[in-house]
Amino acid sequence: MTEKGRLVIVSNRLPLKIEGSPGNWLVTPSSGGLVSALSPVLRDRGGIWIGWTGTSEIVEMKTLREILGPASDRAGYRVFPVLLSKEDVEAFYYGFSNEVIWPLFHDLQTHCRFEPEYWDAYRRVNSCFAQAVRRHTRTEDFVWVHDYQMIPVARILKKSGVKRYCAFFLHIPFPAPDIFLKLPWRDDLLRDLMEYEFVGFQTPRDRRNFTDCLRALFPGAKISGRGPVVHASADGREMRVAAMPISIDYRSFRTLAKSPVVLTILEELRKQIPREKIVLGVDRLDYTKGIPQRIKAIREFLRGHPEYREKLTFIQIVVPSREDVPSYRVLREEIERLVSSVNGEFSTPGWVPVHYMYKSIPREELVAYYRLADLALVTPLKDGMNLVAKEYCTCQVGDEGVLILSEFAGAAAQMHREAILVNPYDVNGIARAIHAAVTMPLEKKKARMRRIRVGIRRQNVFWWVDNYLRASTGKALVDFPEAELAPVFHALKRSPAGEA
Ligand code: GDG
């Protein structure tokens, strides 16, 4: 890489999505942890983002220019769309990404469907992404590929003779060998990962799982070094492997939490839900997030502690996600049945114990809920990091909140001393943790929350990116040029699964 290399992000989704139908297109920001973490970085530095638009409708080139051009200008970086057909979305996105890698990497093998056609689609779509990278980048650029949908990009680029410095970050956990080895395409996927010069994981545990898999599949694999970055050599390849926990834009959340707009919403919420204790859960609809177990824990708590009836209210916000996948529809029904059963058991005139919202809410409102809540229940069965945990703590203006955190969330590696850790499968254990949280003395709560918050402030998302770039390229974030905004993507033909 030379001095002039630009920062290029490649991810399945662009930070904005196109919705609607011909003549009626709408561009909205995408949600999710990856976008929350990386948007502020690119906004700050400029650069390029390559990803899918989120629609499989055919959008004409002229229209794409018209809608993405101004969005690109507003964002301060260039977005280059990759177009996917309905079939690709079905087999690559819903299929291989979400019915193979997602459940397997979250240790939930029973949700996996190892269909060979999913694998074919996964490689085909990754070839389209690799083609987009080749087209829109230069040799000196730093290509930073994100997450499990895009693992093969570097190997495909190399095989086609394209030279780029490619690094990868996995946002979800990496499983232990006894789980990973079940994957029918395990050798290929590991070799794909080994084509990156640098691979980052969220926690030391994920990195160890990865290096254990290298040892299990490639006899003679060697791991050397200590600290956050180690060297790995296996199957004739050399790479560096890191454990680097992602974070959030601390300052922007903190400023928003104190803003007049959030205070106004907060006052309104306090009037509408005038309870002594508010407990909050915020998750995408996903079977990895442990939502049913959490609602059962609230039920156990209210059964075991009648003194908190009419005093404690649980608010669960569920953001719609992957609604076309049958197991997600089943999960939604299960959650809704549980909510109504708990409400049926305990409600009294004027008090409903569980407030359930199935929708995405504006960020200001989300932050107002963070401020409203006396405690947050972040209890995923397994999670790469979990940014909600960090956002909740950042928004505790008086440091009075308590975080109950799953020991299987990546965030637990950093927050295990100050949060109350729980086994998310242990409903009674979560109920006990809720009791410990609502009875915790104020000074203790404040001291613990303050320590967490100071940690997030120090190790915020800019720290994460800077560390990642320094470790992988030797350059800091500020060394990347603020990219002069090139013309909004060049006209290209559309293939069934092709780039724009
Ligand atoms: C993946 C990994 C890893 C949620 N509801 C609303 C809303 N959100 C935002 C939150 C947060 C993000 O979505 C969710 O982030 P998570 O980290 O919890 O989860 P994933 O989407 O599964 O992300 C995860 C992450 O990547 C980053 O590496 O931590 O482990 O699975 O930022 O604020 N935002 C708005 N309205 C909502 O209703 N505006």
Side-chain angles (χ1 to χ4, degrees), residues 6-18 30 32 34-35 38 42 47-56 58-59 61 64 68 72 77-98 100-102 117-139 141-172 185 188-189 191-200 488-490 492-500:
R6 297 166 301 174
L7 181 56
V8 179
I9 304 285
V10 182
S11 69
N12 174 47
R13 288 291 188 100
L14 283 173
L16 44 86
K17 55 180 188 283
I18 299 179
S30 324
L34 190 153
V35 168
L38 285 170
L42 271 198
I48 291 176
W49 197 318
I50 295 171
W52 176 43
T53 55
T55 180
S56 50
I58 295 176
V59 189
M61 184 54 60
L64 271 179
L68 291 183
S72 233
Y77 51 86
R78 281 282 165 253
V79 293
F80 291 107
V82 175
L83 304 181
L84 301 181
S85 68
K86 277 199 171 63
E87 296 72 34
D88 291 325
V89 174
E90 208 47 53
F92 149 77
Y93 180 66
Y94 289 114
F96 198 78
S97 301
N98 290 337
V100 178
I101 306 192
W102 178 267
E117 59 270 31
Y118 286 175
W119 171 248
D120 296 340
Y122 184 63
R123 300 208 78 81
R124 192 172 66 242
V125 169
N126 268 272
S127 296
C128 295
F129 275 81
Q131 212 184 327
V133 172
R134 181 185 55 74
R135 258 202 118 88
H136 298 303
T137 64
R138 310 189 283 249
T139 317
D141 289 341
F142 171 67
V143 179
W144 190 3
V145 180
H146 287 264
D147 228 359
Y148 62 104
Q149 303 93 344
M150 303 280 98
I151 293 173
V153 166
R155 185 142 78 120
I156 295 171
L157 277 175
K158 284 202 181 154
K159 275 193 175 159
S160 56
V162 179
K163 286 201 176 69
R164 297 286 183 276
Y165 186 97
C166 291
F168 181 82
F169 187 80
L170 186 71
H171 290 255
I172 65 174
W185 307 278
D188 268 310
L189 211 66
R191 286 204 174 92
D192 285 341
L193 276 169
M194 287 169 57
E195 285 301 336
Y196 290 93
E197 322 285 334
F198 188 89
V199 172
V488 178
F489 58 93
H490 313 286
L492 289 166
K493 284 195 295 298
R494 185 186 190 283
S495 56
E499 49 164 324

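This is a predicted model, so every value here is computed, not measured. Positions are given from 1, in the same order as the sequence printed here.
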When you compare the side chains of Trp102 and Ser97, does any donor N or O come within less than 3.5 Å of an acceptor on the partner?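 Distance-only check fails for Trp102 and Ser97.
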
With a 3.5 Å cut-off and no angle check, do the side chains of Asn98 and Tyr148 form a donor-acceptor pair?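 Distance-only check passes for Asn98 and Tyr148.
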
Which value, rounded to the nearest 0.5 Å, describes the distance between [X] atom [atom1] and [Y] atom [atom2]?
X	Y	atom1	atom2	answer
Tyr94	Asp88	OH	CG	13.0 Å
Leu38	Leu7	CG	CG	8.5 Å
Arg124	Glu87	CZ	CD	8.5 Å
Arg191	Leu189	CZ	CG	11.5 Å
Leu64	Phe80	CG	CZ	12.5 Å

Please find the pair of heavy atoms, one from [X] and one from [Y], that lie closest to each other, and give the distance.
X	Y	result
Met150	Phe92	CE-CZ, 3.8 Å
Phe129	Asn12	CZ-O, 3.8 Å
Trp49	Leu14	O-CD2, 3.5 Å
Ala121	Ala91	CB-CB, 3.4 Å
Val133	Ile50	CA-CD1, 3.9 Å
Gln149	Asn126	O-ND2, 3.0 Å

Salt bridge check, [Y] against [X]: does any charged N sit closer than 4.0 Å to a carboxylate O?
X	Y	result
Glu197	Lys158	yes
Arg123	Asp188	no
Asp141	Arg164	no

So, Phe96 versus Tyr118, ring centres under 6.0 angstrom or not?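 No, the ring centres sit 6.0 Å or more apart.
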
Would a 4.5 Å heavy-atom cut-off, applied to side chains only, mark [X] and [Y] as touching?
X	Y	value
Val10	Phe168	no
Leu68	Leu16	yes
Val153	Tyr196	yes
Ser11	Asp147	no
Ile9	Tyr77	no
Val125	Leu84	yes
Arg6	Ile48	yes
Glu90	Glu117	no

Parallel, tilted or perpendicular, judged at 30° and 60°: which one describes the rings of Phe169 and His171?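 Taking His171 first and then Phe169, their aromatic rings stand perpendicular (interplane angle over 60°).
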
Using the ring of each side chain (for Trp, its six-membered ring), is Tyr165 parallel, tilted or perpendicular to Phe142, with breaks at 30° and 60°?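 Plane angle between 30° and 60°, so tilted.
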
Kindly indicate whether a cation-pi arrangement holds for Arg13 with Tyr93, taking the cut-offs as under 6.0 Å to the six-membered ring centre and within 45° of the axis.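 The answer is yes, since Arg13 meets both limits relative to Tyr93.
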
Test your reading of the model: is there a side-chain donor-acceptor pair from Trp52 to the backbone of Thr55, 3.5 Å cut-off?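 Side chain of Trp52 to backbone of Thr55: a pair is present.
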
